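To start, the structure itself, in structure tokens.
Everything quoted here is computed from the prediction, not taken from an experiment.
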Amino acid sequence: MQGYFAILTLLSLIILVIIRAKMMGKKGIIVFRFGELDKKDFLIQPFALLYFYLIFAEVFGFPKLGSRLFYNGIVSWVGVVLCTLGIMLFLWSLISFGKSFRIGIDEEKPGELITKGAFAISRNPIYTSFGMVFAGIFFIMPNWIKLLYDLAGGWLFNRQVKLEEASLRKNMGKI
């Protein structure tokens, strides 16, 4: 059952982003700016697809990659709680973002600096929510490849935060 929750969590993240992007698109705001500043961002997509495959393979019995590190029912339910909290923080972050939400860095129309809502307690609540979801999924289905993904994801989030902060300093001065 927890595996289905992992799938539902990932699909929820995707659906929330699509809904938010469509809502902003109706206001004339282009949300998807992914890869405009750094073309290496497009290297993330095949790895994301493999991550999705790892989760679907575990749940639906497709050929698996990697091996399970351990299984503990309590740890698995902790993963469900982390995924739930991650989705809730992600939703709160999307709402808090208002018209400034972008996927990637928008140098042309960056939007305003957000310091309220989820951003009053974290400078990067969306990345924090992703971290919670990825950790939760790892606890649900602990596989050494997912562990590598979590470590690489942390590095990628840190890289993106540095790029975003540089853009914020450029567009808004000292942050």
Counting heavy atoms not belonging to I74, are there more than 12 under 6.0 Å from its CD1?
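Not more than 12 within 6.0 Å, no.
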Evaluate the criterion side-chain contact (heavy atoms from CB on, under 4.5 Å) for residue pair L50 and L65; output intermediate values, then yes/no.
CA-CA 10 Å; L50 179 60; L65 301 172; 3.5 Å; yes
Scan the side chains in residues 76-88 for donor-acceptor partners under 3.5 Å anywhere in the protein, sequence neighbours excluded, and list what turns up.
residue	atom	partner	partner atom	Å
S76	OG	Q2	NE2	3.4
T84	OG1	V80	O	2.9

Grouping I, L, V, M, F, W and Y whenever their side-chain heavy atoms are under 4.5 Å apart, do [X] and [Y] come out in a common cluster?
X    : Y    : value
F134 : F70  : yes
I145 : Y71  : no
I14  : V17  : yes
V161 : V133 : yes
F5   : L11  : yes

If a pair satisfies side chain to side chain donor-acceptor pair (under 3.5 Å) and one of its residues is in residues 127-144, list it, with sequence neighbours excluded.
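As it turns out, the side chain to side chain donor-acceptor pair (under 3.5 Å) pairs with a partner in residues 127-144, which skip direct neighbours, are Y127-E164.
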Please round to the nearest 0.5 Å and tell me the distance separating atom [atom1] of [X] and atom [atom2] of [Y].
X    : Y    : atom1 : atom2 : result
L148 : F138 : CG    : CZ    : 9.5 Å
I126 : L13  : CD1   : CG    : 10.0 Å
E58  : Y53  : CD    : OH    : 11.0 Å

Each residue besides L8 in its hydrophobic cluster should be listed here, by chain and number; the cluster joins Ile, Leu, Val, Met, Phe, Trp and Tyr at side-chain heavy-atom distances under 4.5 Å.
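In the cluster with L8 there is nothing else; it is isolated.
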Mind checking side chain to side chain contact (heavy atoms under 4.5 Å, CB included) for [X] and listing every partner two or more places apart, or none if nothing turns up?
X   : answer
I55 : A6, I7, L10, Y51, I137, M141, K146
Y4  : V59, F60
L16 : F90, L91, L94

Shortest non-hydrogen contact between L89 and M132, atoms and distance:
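Shortest heavy-atom separation between L89 and M132 comes out as CD2-SD, 4.0 Å.
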Mind listing the closest non-hydrogen atom pair of L69 and L147 along with its distance?
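Closest approach of L69 to L147: CD1-CD2, 4.3 Å.
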Tell me if a side-chain donor or acceptor on [X] pairs with a main-chain N or O of [Y] at a distance below 3.5 Å.
X    : Y    : result
Y149 : F47  : yes
S96  : A118 : yes
R123 : T115 : no

Using ring centroids (six-membered ring only for Trp), state whether F119 and F97 fall under 6.0 Å.
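Centroid distance F97-F119: below 6.0 Å, so yes.
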Are any non-hydrogen side-chain atoms of F62 and F56 less than 4.5 angstrom apart?
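The answer is yes; the side chains approach within 4.5 Å.
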